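Since we're looking at a predicted model, the values are computed, not measured. Chain letters run A, B, ... following the sequence lines, proteins first, then strands; residues in each count from 1.
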Amino acid sequence: MSLSNRDVAHIFQAIADSMEILGEDRFRILAYRRASDAIGDLPLPLADYQARHALEDIPGIGKTIAEKIGVLLDTGTLPLYERLKSQIPAGVLDLLRVPEIGPRTAKRLYDELGIASLDDLRAMVDAGRLREVKGFGAKTEQRIRQGLEMLSQREQRVLMPHAMSTAETLIAALREVFVDLRVTAVGSLRRACPTVGDLDLLAAQDDTAAVVQAFIALPQVAEVLMSGVMKASVVLHSGLQADLLVVPPPQWGSALQHFTGSQAHNIRLRELALERGLSFSEHGFRQADGTLMTCADETQVYATLGLPWIPPELREDRGEFAAARSGTLPNLITLADLRGDLHMHSTWSDGRASIAQMAATAHALGREYITITDHSAYLGVTGGVDAARLRDQAAEIAALNAEYAARGEAFRILHGVEVDITPDGSLALPDAALADLDLVVASLHVSLRQPRDQITARLLQAIANPHVDIIAHPTGRILERREGADLDLEVVFQAAAANGTLLEINSNPERLDLDALHARRALELGVTLVVNSDAHHPDELNQLRYGILTARRAWASAAQVANTWPVEQVLKHCASSVI
DNA sequence: GCCGTTTTCGGCCCGACTGTTTTCAGTCG
């Protein structure tokens, strides 16, 4: 069994952690961390790069690490890793997960108390023995005890919409104290990451300490982890951690850039500043003579480095600086670009509203067209559609379209279906039934754990069916709950590009599937995407905004997303992909 | 260990906060 990219990334992260505990050169450690991140971002298996002798072409991977990857892939093991493991047991690395425990503390706990696992640490804390370590007082012991208690909760990530609404609540609460306070959500939330580990807020006010004090006194706050004159960290009653940074108003731009991250993006940005003899921080640019140049907005930060403003969704150190330098940043899609929504349900299957209600809401939201795609009658799906019910449904849709036309409203309901791809790769409806529809969405719902070859072949068979226009939520992942299917996505993307099959970014916040990295790779291979709501209720038609954020993180422009097109163009594309 | 629009050698992000060892190292984002 060969190592996956994730396995290799994990090993390099463990190598970096171990070296850090051993106090080795910090730049060498940084190199291993960067290599690990780079591998985690790769669209293809490492073995593909190895076969093409292209490992060293990956930014952050040089001769030495490329060789080590080769050894890992060929032998499944690495002498450096084995040596480090013999010096630092794996359990010691787990100690780093506890808040307040970093590499130096982990090493001392291991050296002086023999603590080599989280269980060991718990036992020692309970026995009150941490204070035997020089420099460890009552507060440190208390913090570590709390850190251990909250470990599992701290490591849980929350979905973006939940984090957004929590952030909005906190912002509103702060504005009850300071009317018109300039405050916004930053961090991974502003970069539109699908899940966030904690909530980051930025505020601007001359009296920074007063805002911090108001923040830690909010009723939502359960515990104050840390607070000073310009920042504070708290745990909310919901268990979510929230961090606030407050700066004087003239520093808004630099602070916004700093606190939006990502960390990797910021490190790159500060390196670019150094090349220009400038040192950048949340306070602004420090010049060689010590004078500070503040930035009132973010554009000024990037402009000082000779760059155009980079959208937050791209700030992951995944090539955005090179694109900015060469003037090739994408013109990212926006919600306003969407004309239609090609995947939603009604009471004809498991939706909770009629076709008329879904249409009315979509129309009110400004969509020009929608497709009703109820589930095919198949295993476990209650009230799905079969060939006969599809004919009845067609009549209902035709009648509704006639009403819109009679009112002179340019709104169109297309008739589709979400047909199941069965375990053997065939579709759950006969071709004859599909042929009558405007548009066919096919998706995997069952047997998602099939072996790679089998499930990939299944999806390829669906893509090859001339009636299939869209593959919905291609991997089937459910965030924080279920990994996606083990698909050879490279092959899937190539087939979709060749057939003109549209691949979906499903906007359900629990799915967001394809994810940003896969969607970006699909675009590189010439795939056209669609961003659909998969709404089961009129309220969920708004979910499109999450799908759009994911498309932006995938560097997508409007033209690369089919439901930004006029309805005629969509229908023409779907018709022409029928061989 | 990686990297190059001043460099194939000599660099490598930056500051706030905390506890405790009273002057700064460790942690975090």
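A heavy atom lying under 4.0 Å from DNA chain B marks the following residues of residues 78-111 of chain A, by number: A:Val98, A:Pro99, A:Glu100, A:Ile101, A:Gly102, A:Pro103, A:Arg104, A:Thr105. For the contact set between residues 309-327 of chain A and DNA chain B, defined by any heavy atom under 4.0 Å, there are no members. Listed by residue number, A:Lys63, A:Thr64, A:Ile65 are the residues of residues 63-74 of chain A with a heavy-atom contact under 4.0 Å to DNA chain B.
Remark: the separation of the P atoms in B:dC3 and B:dT8 is 16 Å, to the nearest Å. Spacing between B:dA16 and B:dT20 at atom P, rounded to whole Å, works out to 22 Å. The C1' atoms of B:dC13 and B:dC2 are separated by 16 Å, rounded to the nearest whole Å. Using atom C1' as the reference point in both B:dC17 and B:dT6, the two lie 38 Å apart (nearest Å). Here, B:dT22 and B:dC28 have their C1' atoms 23 Å apart, quoted to the whole Å. Remark: the separation of the P atoms in B:dC9 and B:dC14 is 25 Å, to the nearest Å.
Contact check on A:Glu20 versus A:Arg33 returns a salt bridge, with a Lys/Arg side-chain nitrogen under 4.0 Å from an Asp/Glu carboxylate oxygen. The pair A:Glu271-A:Arg34 counts as a salt bridge, with a side-chain nitrogen and a carboxylate oxygen less than 4.0 angstrom apart.
Sorted by first and then second residue, the pairs that involve residues 542-556 of chain A and meet salt bridge (charged side-chain N to carboxylate O under 4.0 Å, His left out), not counting sequence neighbours, are A:Glu313-A:Arg552, A:Glu316-A:Arg553.
Looking at heavy atoms from C-beta onward, A:Leu109 lies in side-chain contact with A:Ile101 at the 4.5 angstrom threshold. Side-chain contact between A:Glu168 and A:Ile171: absent, with no pair of heavy atoms (C-beta onward) separated by less than 4.5 Å. Between A:Val301 and A:Thr304, every side-chain heavy-atom pair lies at or beyond the 4.5 Å cut-off. The side-chain heavy atoms of A:Leu278 and A:Arg286, taken from C-beta on, include no pair separated by under 4.5 Å. Side-chain contact between A:Val229 and A:Val212 is absent, with no heavy-atom pair separated by less than 4.5 Å.
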Tell me, for nucleotides 10-18 of chain B in 5' to 3' order, what letter each nucleotide earns: B for a base near a protein heavy atom under 4.0 Å, S for only sugar-phosphate near one, - for neither? --BBBSSSS
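Backbone-only contact: A:Ala138 has heavy atoms under 4.0 Å from sugar-phosphate atoms and none from a base. Counting non-hydrogen atoms under 4.0 angstrom, A:Gly60 reaches the backbone sugars and phosphates but no base.
Spacing between atom CG of A:Leu130 and atom P of B:dT21 amounts to 14 Å, rounded to whole angstrom units. Summarising the geometry, the separation between CG on A:Leu199 and C1' on B:dG29 is reported as 14 Å, rounded to the nearest angstrom. In this structure, the CD atom of A:Glu275 is 10 Å from the C1' atom of B:dC3, given to the nearest Å. In this structure, CD1 of A:Ile21 is placed 13 Å from P of B:dG26, rounded to the nearest angstrom. The interatomic distance linking A:Leu305 (CG) with B:dT5 (C1') rounds to 15 Å, in whole Å. The nearest whole Å value for the distance from the CG atom in A:Leu272 to the C1' atom in B:dG4 is 12 Å. Rounded to a whole Å, the CZ atom of A:Arg33 is 18 Å from the P atom of B:dC3. Separating the CZ atom of A:Phe12 from the C1' atom of B:dG1 is a distance of 11 Å, rounded to the nearest angstrom.
No hydrogens or angles considered: nothing links the side chains of A:Ser117 and A:Asp119 as a donor-acceptor pair under 3.5 Å.
Here A:Glu298 pairs with A:Arg190, A:Trp309, A:Arg315 under the side-chain hydrogen bond (donor to acceptor under 3.5 Å, both in side chains) rule; sequence neighbours left out.
What you find for A:Ala242 and A:Leu170 is that their closest heavy atoms are CB-CD1, 4.1 Å.
Here the CD-CZ distance, from A:Glu320 to A:Arg325, works out to 10.5 Å after rounding to the nearest 0.5 Å. Rounded to the nearest 0.5 Å, atoms CD (A:Glu510) and CZ (A:Arg481) are 5.0 Å apart.
Along DNA chain B, the nucleotide nearest to A:Arg28 and the one nearest to A:Gln241 differ in position, and the one closer to the 5' end is contacted by A:Arg28.
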Going through the checks in order, is the side chain to side chain contact (heavy atoms under 4.5 Å, CB included) test met by A:Leu181 and A:Gln205? CA-CA 7 Å; A:Leu181 179 71; A:Gln205 165 106 341; 3.7 Å; yes
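Using bins of under 30°, 30° to 60° and over 60° for the plane-to-plane angle, the ring pair A:Phe280/A:Phe285 lands in the tilted bin.
Across all strands shown, B:dT8 forms no Watson-Crick or G-U wobble pair with both key distances under 3.5 Å.
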